[in-house]
Amino acid sequence: MDHFIYRERKLYCEDTPVRELAEKYGTPLFVYSKATLLHHFGQLQSAFAPANPLLCYSVKTNGNIHLCRLMAERGSGFDVTSGGELYRALQAGGTGDKIVYAGVGKTDPEIRMALDNGVFLFNVESEEELHNLGKVAASMGKVAGAALRVNPDLPPKTHAKTDTSVKGVKFGLDIETVLDVGRGILGNAGVRVIGLHMHLGSPILKTEPYAMGAAKGLALIDALREQGHPISVLNMGGGFGIHYRKQEAQPAQAFAEVILPAVEKANCRLVLEPGRFIVGNAGILVSRVLFTKETGGKHYLIQDAAMNDLIRPTLYGSFHRIWPAEPAVGLPAPPEDYELAIPDTFPQDVVGPVCESGDFLAQARSLPRLKRDDLVVTFSAGAYGMAMSSNYNSRPRAAEVLVDGASHRLIRHRETYEDLVRPEVEV
Ligand SMILES: *Cc1c(COP(=O)(O)O)cnc(C)c1O
C-alpha cells in the first residue's frame, strides 16, 4: 500500500502532483509520502502489538532526520551502526533507552559515545568485541548491556551481498561458538549479556527464515540462561521485504505469526529493527529525460538521476519499477507485474550522466517512448536510495522533499557546488 497514485494520467504523491514538486524543487528529487511511511510503521506496531515490542527504525536505511523525527514521535526507537547514525538518532529526538547498536567494527570512541548516551543494547558481533566492550565500559565505571548477535547459519535467502546469516559472512558469532563466548564473559564487570540478536539479511520475502532463526535462538537463550546470563531481550533484526517487481512481499502480520510464538516461549522483550519495510515504498526518485539514444541495437533513456543517486540496481542487480510521471494517452499506470508482457513499450536501458558503464537504474526495461524533459519516476526508492548516495563525478546530492497531503516541504536541500568543495576549502 502506498500513496503514489495516478489520477487522470498524472502521478500524485498523496494530494500533490509530482510535476509540481519537480518544477519547484528540481530533479533528480527524492519524494517521500508521510502517510505511506506512517502506514507501514503502524502496520508493524499493530501486527506485533501482542508482544509490546520495541521497534527500532534502522537509521542506515534512510537517516534523514526529519523522517527519523517522525519515527521518534510515533514511539520508535533506533537501530544504529555507527557513531554518525547514533548522532542522527539523537538529533531526531531518539533516546539511549530505545537505541540498539550493531556493527562488526565499533571503535572505542563510538562505544564511549554510546555509553555516554545510555544506549541500552550493543549487538555484539565477535568475542574480541565483547571483551573490548567490557573493558571500555569498566573504564568509564559503567556496565554495557549486550546482545550476542548470532549467525544462525540458514540457507541463502536473498542477494549474496545482503544475506547476513549464511556461513562465512562477517556478521555475528558462529552459532557453534555462542555458548563458549557466553561462558567466557561470565563475571565480566563491564558487560551484562541480556539479549540474543540476529539479523538475517534483506530483503526477505518469506517467513520461513524467521521461523528457523527464532527456533535456533530459543535453544541458545535457554542455554545462555543456564550459564547464568539474565537474557530478557530477543532481537530479531530487520529485513522484511517489500514490493519491488510485483506484489511479492509478506504483510507484517505474516512475520508476526512466526515471530510472536517464539518471543512468548522465550519470555523475552521483542526488539525489531525494520528499515526497508517502513520507508522503502514511501519514497520515489523523480528524474527528467535528457536525451534518448540508440546504439548496437540498444535503446538508451538518458535521464538526470544516476548511480550516485540510487546505486542499488548496479550494486545488487535490484529491480525498481520505472514509469513516466505523466504517461501518454492510452498507457496504463505502471505495470503491477513485470513478468508479464507490457503493451506499447520497448526495452530501454535507463541510464544517467555518470562516467561508468555500470551507471544504470534499469536495463532492457519495458518503457514507452519518452522524449526530452519528460518526467520519469523510479519507485520504491525510499530505502537505501539517498542513504547510499554519493558525490561521485562531483554530482551534488539530490534534494529530498516530504509530502503531507497537499502540502510539502524540503527536508534536505539540493547540494550546491560550494557544498561539494567546502570540506576541502575549510581545512
Ligand atoms: C540493515 C540492518 C537492518 C535493517 O534492515 P531492513 O532490511 O532495512 O529492515 C536491521 N538490523 C541490522 C543489524 C542491519 O544491519
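Start at 1 and go down the list; that is how both ligands and their atoms are numbered. Being a predicted model, the structure only gives us computed values, none of them experimental.
Salt-bridge check for Asp153 with Lys216: failed, with every basic side-chain N at 4.0 Å or more from each acidic carboxylate O. Here Glu23 pairs with Arg19 in a salt bridge; the nearest charged N to carboxylate O distance falls below 4.0 Å.
Not a single heavy atom of Ala383 sits under 4.0 Å from any atom of ligand 1. Not a single heavy atom of Thr81 sits closer than 4.0 Å to an atom of ligand 1. Residue-ligand proximity: Pro274 is placed with a non-hydrogen atom under 4.0 Å from ligand 1.
With ligand atoms numbered from 1 in the order given, ligand 1 contributes 3 (C), 10 (C), 11 (N), 12 (C) to contacts under 4.0 Å with heavy atoms of Asp79. Short contacts between ligand 1 and Gly275, defined as distances under 4.0 Å to a heavy atom of the residue, involve ligand atoms 6 (P), 8 (O), 9 (O). Near Arg149, with a cut-off below 4.0 Å to any heavy atom, the atoms of ligand 1 are 13 (C). The distance from ligand 1 to the heavy atoms of Thr61 drops below 4.0 Å at these ligand atoms: 8 (O).
When all heavy atoms of Gly239 and His199 are compared, the closest pair comes out as N-CE1, 3.8 Å.
The single protein non-hydrogen atom nearest to atom 7 (O) of ligand 1 is Ser202 OG, 2.3 Å, given as residue, atom name and distance. Atom 1 (C) of ligand 1 has as its closest protein heavy atom Lys60 NZ, 1.3 Å.
Ring pair Tyr210/Phe255: centre-to-centre distance below 6.0 Å. The aromatic ring centroids of Tyr25 and His408 lie less than 6.0 Å from each other.
By the 30° and 60° cut-offs, the orientation of the rings of Phe48 relative to Phe240 is parallel.
In this structure, of Phe277, Phe171, Tyr384, the residue bringing a heavy atom nearest to atom 8 (O) of ligand 1 is Tyr384.
Side-chain contact, Thr61 with Tyr384: a donor N or O sits under 3.5 Å from an acceptor N or O.
For ligand 1, the polar-atom distance check finds no N/O of His197 at less than 3.5 Å from any of the ligand's N/O atoms. Residue Gly239 has at least one N or O atom closer than 3.5 Å to an N or O atom of ligand 1.
With a 4.0 Å cut-off on non-hydrogen atoms, Met198 does not touch ligand 1 at all. Heavy atoms from both the backbone and the side chain of Glu273 come within less than 4.0 Å of ligand 1.
Here the rule is side chain to side chain contact (heavy atoms under 4.5 Å, CB included) with Leu196, and of Asn123, Leu220, Leu218 only Leu220 fits it.
Taking the ring axis of Tyr12 as reference, the NZ or CZ atom of Arg7 stays within 45° of it and closer than 6.0 Å to the ring centre.
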